[in-house]
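Here is the structure we will look at.
A, B, ... follow the sequence lines: proteins, then strands. Residue 1 opens every chain. Quick note: numbers below take in every heavy atom, side chains included, and nothing from hydrogens, waters or symmetry partners.
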Number of protein chains: 2
Amino acid sequence: MTTDSLTKALDAAEAHCVERGEKLTPVRKRVLELVLEADGPVKAYDLLEALKPGPGSAKPPTVYRALDFLMTAGLVHKVEALNAFVGCSHTHDHDEHGGGAELFICSDCGAVEERHGAPLPMNAPAGFTIQRSVVEHFGQCANCHPG
Amino acid sequence: MTTDSLTKALDAAEAHCVERGEKLTPVRKRVLELVLEADGPVKAYDLLEALKPGPGSAKPPTVYRALDFLMTAGLVHKVEALNAFVGCSHTHDHDEHGGGAELFICSDCGAVEERHGAPLPMNAPAGFTIQRSVVEHFGQCANCHPG
DNA sequence: AATCCGAATGTTATAATATCACGCCTCAAA
DNA sequence: TTTGAGGCGTGATATTATAACATTCGGATT
Ligand SMILES: [Zn+2]
Ligand SMILES: [Zn+2]
Ligand SMILES: [Zn+2]
Ligand SMILES: [Zn+2]
């Protein structure tokens with residue numbers, strides 16, 4: 001991600017929060033910036049390290065609170081199978097398509113693609129009502145194919 | 001799960017391992033039994049507790065080793081979003097359908113249904129090769145609907 | 001201005017999840 | 001008998017996440 005598009009993404013995120021009546025505070029903005037800067041899914045404790053060049057602040061609750069806020073705001077997603085976090089790459093409402101994002105994660109280079117609208121399976125058990133779906137695919141992206 | 005069907009499941013699991021040239025040792029069998037007995041997804045440290053009525057054995061590696069074995073053998077699946085484990089409810093090869101199981105987990109009663117047959121996304125990024133998929137749906141099963 | 005309130009953050013501690021490293025035992029092949 | 005691999009016991013440690021309480025800060029109310 002270029003410096004320029006990063007700035008734009010942060011501005012857009014700030015606007016998104018304001019629309020929702022919430023605040024993208026400095027800590028939250030910094031955490032989002034770190035997530036967006038990262039090449040791939042990023043770990044909470046790596047964020048924690050990155051947050052404390054100064055001696056003081058930055059204990060685990062700081063980063064987990066920021067991540068919770070960003071996830072609720074739809075700006076960041078958790079990769080459950082990795083215990084790691086990725087920046088959201090799009091702007092529309094996540095609930096529009098009946099649930100969660102679908103993530104494609106390259107195990108070689110860490111690239112993450114987010115898709116939506118997953119034609120969610122017609123083979124659900126009878127009468128099962130889906131509230132939340134976790135869909136994560138791991139493999140190789142087009143750039144990382146051996147062949 | 002009835003005592004009877006539990007016994008049958010354990011016998012089948014043992015046969016499955018033997019076919020693969022592996023051994024369902026007492027520890028592994030006991031862990032599988034505990035997972036199968038549970039009402040829903042079960043945590044590693046709950047298994048650990050259940051394993052040590054006697055003072056001695058049962059440290060974390062014991063249960064994690066058994067779980068790794070059982071997962072590799074396809075007898076148990078991990079629910080990534082819960083850091084918990086469920087018994088596999090079927091016998092055929094998990095790779096037949098192009099990858100992982102699809103889990104439907106009732107947030108109210110813990111019931112887990114496992115389905116297969118690759119809901120596989122037609123909207124994968126171009127050139128992306130999927131090696132492993134994690135698909136977990138959370139919601140209410142037919143028995144737990146308020147309405 | 002003074003007060004109050006609630007959200008956000010700081011801070012300490014601890015819980016919950018998972019792995020490493022080493023050594024011993026057993027069983028079977030050579 | 002020697003040897004080697006797999007399985008397991010054990011102690012320590014790494015990693016991930018939350019609980020609980022104090023403090024700060026900005027805006028609303030008086
Ligand atoms: Zn998203
Ligand atoms: Zn790649
Ligand atoms: Zn299965
Ligand atoms: Zn239910």
Next item on the list: Return no unless some side-chain N or O of A:K78 is found under 4.0 Å from OP1 or OP2 of D:dA17.
Entry: yes

Check: So, is A:T25 near the phosphate of C:dA8, with a side-chain N or O under 4.0 Å from OP1 or OP2?
Finding: no

Notebook entry, point to check: With no hydrogens and no angle check, do the side chains of B:E102 and B:H137 hold a donor and an acceptor under 3.5 Å apart?
Noted result: yes

Checklist line | A:H16 versus A:E14, side-chain donor and acceptor atoms under 3.5 Å | finding: no

Next item on the list: Evaluate the criterion side chain to side chain contact (heavy atoms under 4.5 Å, CB included) for residue pair A:F69 and A:R28; output intermediate values, then yes/no.
Entry: CA-CA 8 Å; A:F69 173 88; A:R28 292 166 177 175; 3.3 Å; yes

Next item on the list: Go through D:dA17, D:dT10, C:dT11 for me and flag the one nearest to the A:K59 side chain.
Entry: C:dT11

Checklist line | Per B:R28 side chain, nearest of listed nucleotides C:dT12, D:dC8, D:dT18 | finding: D:dC8

How close or far is atom [atom2] of [N] from atom [atom1] of [X], stated in whole angstroms?
| X | N | atom1 | atom2 | result |
| --- | --- | --- | --- | --- |
| A:Y64 | C:dT11 | OH | C1' | 17 Å |
| A:E22 | D:dG27 | CD | P | 17 Å |
| A:L48 | C:dG10 | CG | C1' | 13 Å |
| B:K52 | D:dG11 | NZ | P | 12 Å |
| A:L24 | C:dA7 | CG | P | 18 Å |
| B:D68 | D:dG6 | CG | P | 15 Å |
| B:Y45 | D:dT15 | OH | P | 14 Å |
| B:K29 | D:dC8 | NZ | C1' | 18 Å |

Next item on the list: Starting at the 5' end of nucleotides 21-30 of chain C, put B wherever the base has a protein heavy atom under 4.0 Å, S where only the sugar-phosphate does, and a dash everywhere else.
Entry: B---------

Checklist line | Residue closer to the 5' end of DNA chain C, A:F69 versus A:N83 (nearest nucleotide) | finding: A:F69

Check: In chain order, what residues pass the salt bridge (Lys or Arg N to Asp or Glu O under 4.0 Å) check against B:R65, with sequence neighbours excluded?
Finding: none

Check: Looking at residues at least two apart in the chain, or sitting in another chain, which of them share a side chain to side chain donor-acceptor pair (under 3.5 Å) with A:H145?
Finding: B:T129

Note to self: For residues A:V134 and B:M71: do they belong to one hydrophobic cluster (side chain heavy atoms under 4.5 Å, members Ile, Leu, Val, Met, Phe, Trp, Tyr)?
What the structure shows: no

Note to self: Taking B:V35 as the starting point, is it possible to reach B:L103 by hopping between hydrophobic residues whose side chains are less than 4.5 Å apart?
What the structure shows: no

